Structure formats: structure tokens, C-alpha cells
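Written below as C-alpha cells is the structure these notes are about.
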Amino acid sequence: RNGHIEGAAVRKLDSPGGARDGVLKADLQRGLHVRAAGRKPSPGSPGTPEKAMSNDTTTDDEQRLAHLPVSIFSTVMGLSGFAIAWQKAHAALAAPALIWQLLASFATAVFVALLALYGLKLLRHFPEVAKEWNHPVRVSFFPTISISLLLLAVAWLELAPQASFILLIAGATIHLAFTLAILSSW
């Protein structure tokens with residue numbers, strides 16, 4: 001089965017317009033033969049992504065940043081919900097409070113890191129952010145940012161009520177803005 005797929009890729013390269021130059025075709029074929037033999041190509045060898053991207057002007061990190069999806073903020077939603085569940089377990093079952101506090105701290109750190117990364121994406125790769133905003137499905141994930149703020153507000157209510165209130169107001173305001181913007185674009 002694997003050989004059939006690889007053969008199809010090589011046949012596609014042989015078709016008119018299938019490859020831009022003979023070097024790319026040779027590199028790809030070599031990489032496919034190495035994989036078909038059950039060996040892993042070494043990094044930087046012909047036919048590997050490292051070799052194929054080495055001629056590109058952008059770095060791997062820039063490519064990763066450009067393709068960072070806004071839906072990644074859903075991880076903060078999950079971590080915050082998990083922290084809140086442990087908070088309730090602490091109240092109902094006398095589970096250690098340190099668990100929910102560590103989870104809430106970790107969720108907050110992940111949110112700050114993701115916010116910084118997505119802000120960097122917004123600055124460096126605005127067309128990619130615009131593509132996400134104009135996509136009929138991906139646009140629905142922008143509110144994961146504001147929902148994350150709201151869940152963090154709930155998680156921190158017990159220990160830091162003032163900070164929780166600020167998170168609540170910020171999250172609600174941003175969520176209202178996203179809601180109005182998305183609904184008006186329909």
C-alpha cells in the first residue's frame with residue numbers, strides 16, 4: 001500500500017507541470033525510496049522537509065507561527081475547566097487546594113504564552129490572521145480567547161477577587177465584541 005502511494009507521487013511528478021525542476025523530482029524520489037526501504041532519511045538529506053525548506057527565506061519557527069491556529073486557546077478553556085473542577089472537589093471532598101491552584105496557575109501561564117504568540121502572529125503574519133477571520137468555520141474559534149478569560153475569572157475568584165473581576169469585565173467585553181463582529185459578518 002505504501003509503495004502504491006509513493007508510486008502515485010512519483011507518477012504525479014512525471015506529469016506535465018508536476019515538478020518545477022529535475023532536482024526537486026530527484027530529491028523527492030530519493031526520499032521516497034529511503035522510506036520504502038524502511039529507513040528514516042537523515043535530517044537535511046535530499047527528500048526531507050529540512051532540505052526542501054532550506055531554500056525558503058522563512059524559518060521553521062516563522063512557519064509554525066504563521067500557522068498557529070486561534071483554536072489553540074481552547075486548551076486554556078480545558079485547563080481552566082479542569083482547575084475549576086478540582087476547586088469544586090476541594091470544597092466538596094476536601095481534595096488538596098494546591099491541585100486546583102497549580103492547575104489555575106498553569107492555565108493562566110498557558111493563556112499568557114498563547115496570547116503573546118498569537119499577538120506576534122497578528123503583527124508578523126496579519127494576512128494569515130485575516131484568513132482565519134474570513135474562514136466560515138475558523139472565525140467561530142476567535143471567542144475561545146474571551147471564553148478563556150471568563151473561565152480564568154471563575155478559577156481565580158476565590159483567591160483573587162479583584163483580579164477575577166478585571167478578567168470578568170475584560171472577557172465579557174471582548175466576547176460581546178466578537179459576538180457582534182461575527183454575527184454582523186453573516
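Nothing here was measured: the structure is a model prediction, and the numbers come from that model.
- Residue pairs satisfying the side chain to side chain donor-acceptor pair (under 3.5 Å) criterion with at least one member in residues 100-123, sequence neighbours excluded, are listed as follows: Thr108-Trp156, Tyr118-Glu132, Lys121-Glu132.
- Here Leu157 sits alone; no ILVMFWY side chain lies under 4.5 Å from its own, so it joins no hydrophobic cluster.
- When hydrophobic clusters are built by joining Ile, Leu, Val, Met, Phe, Trp and Tyr residues whose side-chain heavy atoms come closer than 4.5 Å, directly or via intermediates, Leu68 is grouped together with Val129.
- Partners of Ala181 under the side chain to side chain contact (heavy atoms under 4.5 Å, CB included) rule, at least two apart in sequence or in another chain, are Trp133.
- Counting heavy-atom neighbours within 6.0 Å of Phe178 CZ, excluding the residue itself, gives a total above 12.
- With hydrophobic clusters built from ILVMFWY side chains whose heavy atoms lie under 4.5 angstrom apart, Phe111 does not share a cluster with Val154.
- Ser80 places a side-chain N or O within donor-acceptor distance of the main-chain N or O of Val76, the cut-off being under 3.5 Å.
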Please tabulate, for side-chain N and O atoms in residues 86-98, each donor-acceptor pair with protein atoms closer than 3.5 Å (sequence neighbours left out).
residue: Gln87; atom: NE2; partner: Ala155; partner atom: O; Å: 3.4
residue: His90; atom: ND1; partner: Ala95; partner atom: O; Å: 2.6

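- Rounded to the nearest 0.5 angstrom, Leu120 CG and Leu115 CG are separated by 11.5 Å.
- A search for salt bridge (Lys or Arg N to Asp or Glu O under 4.0 Å) contacts involving Glu128 returns Lys131, not counting sequence neighbours.
- Residue Ile174 is grouped with residue Ile182 when hydrophobic side chains (ILVMFWY) are merged at heavy-atom distances under 4.5 angstrom, including chains of intermediate members.
- Put simply, the side chain of Ser74 never gets that close to the backbone of Met77: no donor and acceptor are under 3.5 Å apart.
- Leu79 and Leu168 fall into different hydrophobic clusters, where Ile, Leu, Val, Met, Phe, Trp and Tyr residues are linked whenever their side-chain heavy atoms come under 4.5 Å apart, directly or through other members.
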Extract all donor-acceptor atom pairs below 3.5 Å that involve side chains of residues 138-153 and protein atoms in other chains or at least two apart in sequence.
residue: Thr144; atom: OG1; partner: Val70; partner atom: O; Å: 3.4
residue: Thr144; atom: OG1; partner: Phe141; partner atom: O; Å: 2.6
residue: Ser146; atom: OG; partner: Pro143; partner atom: O; Å: 3.0
residue: Ser146; atom: OG; partner: His175; partner atom: ND1; Å: 2.7
residue: Ser148; atom: OG; partner: Phe73; partner atom: O; Å: 3.2
residue: Ser148; atom: OG; partner: Thr144; partner atom: O; Å: 2.7

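- Taken to the nearest 0.5 Å, the CG atom of Leu183 stands 6.5 Å off from the OG1 atom of Thr179.
- To the nearest 0.5 Å, atoms NE2 (His67) and CG (Leu65) are separated by 10.0 Å.
- Under a hydrophobic-cluster definition in which Ile, Leu, Val, Met, Phe, Trp and Tyr are linked whenever side-chain heavy atoms come within less than 4.5 Å, directly or via other members, Val110 and Leu103 are assigned to the same cluster.
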